[in-house]
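Report on one structure; see the data block that follows.
Being a predicted model, the structure only gives us computed values, none of them experimental.
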Amino acid sequence: MASVFEPSHSTSRQPLGPSMADTLPSIDFGFDDLRDRMAKFTAKFDAFIEQGRKRVLEERNQFRMNVAELQEDQRMKRKDIEILQLKTNTHQQTIAKETAETAEMQSAISALQSQHDAQVSARDALKAQIASTQREIEARLAAQAAHKRQIETQSRFNVPELDFWVTTLCLRIEGAGQDDRLKFVYTHVDERDWEREAWFELDTSGRDYEVLHCRPKLEKGRVERVLEKVNETRELAVMLKGMRELFVEAMRG
């Protein structure tokens with residue numbers, strides 16, 4: 001059987017007094033001020049964040065610009081280095097070329113100096129040779145002049161004698177194409193033909209006489225013996241008689 005709660009008091013409702021909540025003191029928590037402060041804080045925080053973001057962006061952009069400038073500086077420096085290296089290589093090549101040209105010029109100068117020294121030596125030797133030749137020519141000219149004077153002196157005294165031998169030996173004297181050569185032509189040397197001629201050319205340019213040509217041919221040794229006598233005695237008649245005898249013997253042979 002269910003029990004029935006029965007209040008201890010009368011079930012009739014009676015008016016209640018003030019509640020405990022109503023008796024508590026009124027407290028003002030300041031929510032509006034807090035919200036306002038939080039809103040301001042949020043605005044400041046958002047502004048701070050925005051400012052920080054802008055600063056980060058600016059710093060990042062500035063960093064990128066700095067990096068770009070550094071890269072450009074590096075590129076320019078590399079270009080400057082390349083240009084400097086090219087100039088250095090060109091300068092080294094120029095120095096090497098100038099060194100080679102200097103060596104070549106020095107070699108050419110040495111060759112020219114050697115050539116000049118050789119030419120000077122050749123010139124001095126040629127001068128000495130010319131001087132020696134000139135002295136020899138002067139000596140020969142003096143000897144020829146003396147010989148010519150001797151011949152002229154002898155010829156002045158021997159003209160009558162020479163005419164005598166020309167007539168006696170059936171001889172005539174002709175020129176041989178040069179001043180120092182005479183041609184002596186004999187006739188009446190061949191008993192079978194009195195008109196047949198025999199002749200020889202005499203060279204008087206030197207101190208000693210010399211027979212250059214003769215017709216008919218005579219033995220060289222016999223002609224030289226006649227010349228030895230003539231050169232010893234310096235008498236032309238000895239040659240004229242000796243050569244006629246040799247021609248007569250040759251005709252008989």
remark   = For Ala250, the side chain to side chain contact (heavy atoms under 4.5 Å, CB included) test, sequence neighbours excluded, returns Pro216, Leu218
ask   = salt bridge (Lys or Arg N to Asp or Glu O under 4.0 Å) with Lys97: which residues, sequence neighbours excluded?
value = none
task = Output yes when a side-chain donor or acceptor of Asp203 lies under 3.5 Å from a complementary backbone atom of Leu212, and no otherwise.
result = no
message = I need the full list of salt bridge (Lys or Arg N to Asp or Glu O under 4.0 Å) pairs touching residues 216-233, with sequence neighbours left out, sorted by first then second residue.
response = Arg222-Glu249
task = Would you check, one step at a time, whether the test side chain to side chain contact (heavy atoms under 4.5 Å, CB included) holds for Arg181 with Thr204?
result = CA-CA 6 Å; Arg181 292 186 184 182; Thr204 62; over 6 Å; no
task = Take Asp208 and Leu227 through the side chain to side chain contact (heavy atoms under 4.5 Å, CB included) test and state the conclusion after the steps.
result = CA-CA 8 Å; Asp208 296 334; Leu227 287 174; over 6 Å; no
inquiry  = Within this structure, what is the NZ-CZ distance for the pair Lys44 and Phe48, rounded to the nearest 0.5 Å?
reply    = 13.0 Å
message = Could you tell me if the side chain of Trp199 sits less than 4.5 Å from the side chain of Glu174, heavy atoms only?
response = no
note = Interatomic distance, CE@Met38 vs CG@Asp33, rounded to 0.5 Å, equals 11.5 Å
ask   = From Glu104 CD over to Ile109 CD1, what is the distance, rounded to the nearest 0.5 angstrom?
value = 11.0 Å
request  = Go through Glu245 and Val226 one step at a time and tell me if the side chain to side chain contact (heavy atoms under 4.5 Å, CB included) criterion holds.
outcome  = CA-CA 10 Å; Glu245 292 175 356; Val226 173; over 6 Å; no
query = Can you name the residues that form a ring pair (Phe, Tyr, Trp, His ring centres under 6.0 Å) with His188, not counting sequence neighbours?
reply = Trp194
Side-chain heavy atoms of Glu191 within contact of Arg252, under 4.5 Å = yes
inquiry  = Taking side chain to side chain contact (heavy atoms under 4.5 Å, CB included) as the definition, give me every residue that meets it alongside Leu182, ordered by chain and number, with sequence neighbours left out.
reply    = Ile173, Phe184
key: Sidechain N-carboxylate O distance under 4.0 Å for Asp36, Lys40   = yes
remark   = Hits for salt bridge (Lys or Arg N to Asp or Glu O under 4.0 Å) against Glu82, two or more places apart or cross-chain, chain-then-number order -> none
request  = Answer yes when Arg172 and Glu197 have at least one side-chain N-carboxylate O distance shorter than 4.0 Å, and no when they do not.
outcome  = yes
remark   = Output for pair (Asp80 CG, Gln74 CD), nearest 0.5 Å, gives 13.0 Å
ask   = Rounded to the nearest 0.5 Å, how far apart are CD of Glu138 and CZ of Arg135?
value = 9.0 Å
ask   = Are Glu210 and Ser205 side-chain neighbours, meaning at least one heavy-atom pair lies under 4.5 Å?
value = no
ask   = Would you say Ser110's side chain and Gln106's backbone share a donor-acceptor pair under 3.5 angstrom?
value = yes
key: Those residues that, when tested against Glu72, pass side chain to side chain contact (heavy atoms under 4.5 Å, CB included) (two or more places apart)   = Arg75, Met76
In residues 83-92, what donor-acceptor pairs under 3.5 Å come from side-chain atoms, sequence neighbours left out?
from	atom 1	to	atom 2	distance (Å)
Gln85	NE2	Asn89	OD1	3.2
Thr88	OG1	Leu84	O	2.7
Asn89	ND2	Gln85	O	3.2
Thr90	OG1	Leu86	O	2.8

message = Run the side chain to side chain contact (heavy atoms under 4.5 Å, CB included) test on Leu171 and Val185 for me, step by step, so that the C-alpha distance in whole Å, both residues' side-chain angles and the decisive distance to 0.1 Å come before the verdict.
response = CA-CA 6 Å; Leu171 172 69; Val185 183; 5.5 Å; no
request  = Quick one: which residue pairs count as a side chain to side chain donor-acceptor pair (under 3.5 Å) with a foot in residues 116-129, not counting sequence neighbours?
outcome  = Gln113-Asp117
query = Quick one: does Tyr186's side chain have a donor or acceptor within less than 3.5 Å of a partner on Leu240's backbone?
reply = yes
Arg215 to Phe247 - nearest heavy-atom pair and separation = O-CE2, 3.5 Å
Side chain proximity check, Arg64 to Val67, heavy atoms < 4.5 angstrom = no
Inter- and intrachain pairs under side chain to side chain donor-acceptor pair (under 3.5 Å), touching residues 48-60, at least two apart = Glu50-Arg53
task = Name all residues meeting the side chain to side chain contact (heavy atoms under 4.5 Å, CB included) criterion together with Asp193; count only those two or more places apart in sequence or in a different chain, and write none if there are none.
result = Asp190, Glu195, Arg196
ask   = Asn66: what forms a side chain to side chain donor-acceptor pair (under 3.5 Å) with it, not counting sequence neighbours?
value = Gln62
message = Which heavy atom of Leu169 sits nearest to which heavy atom of Arg244, and what is that distance?
response = O-NH1, 2.7 Å
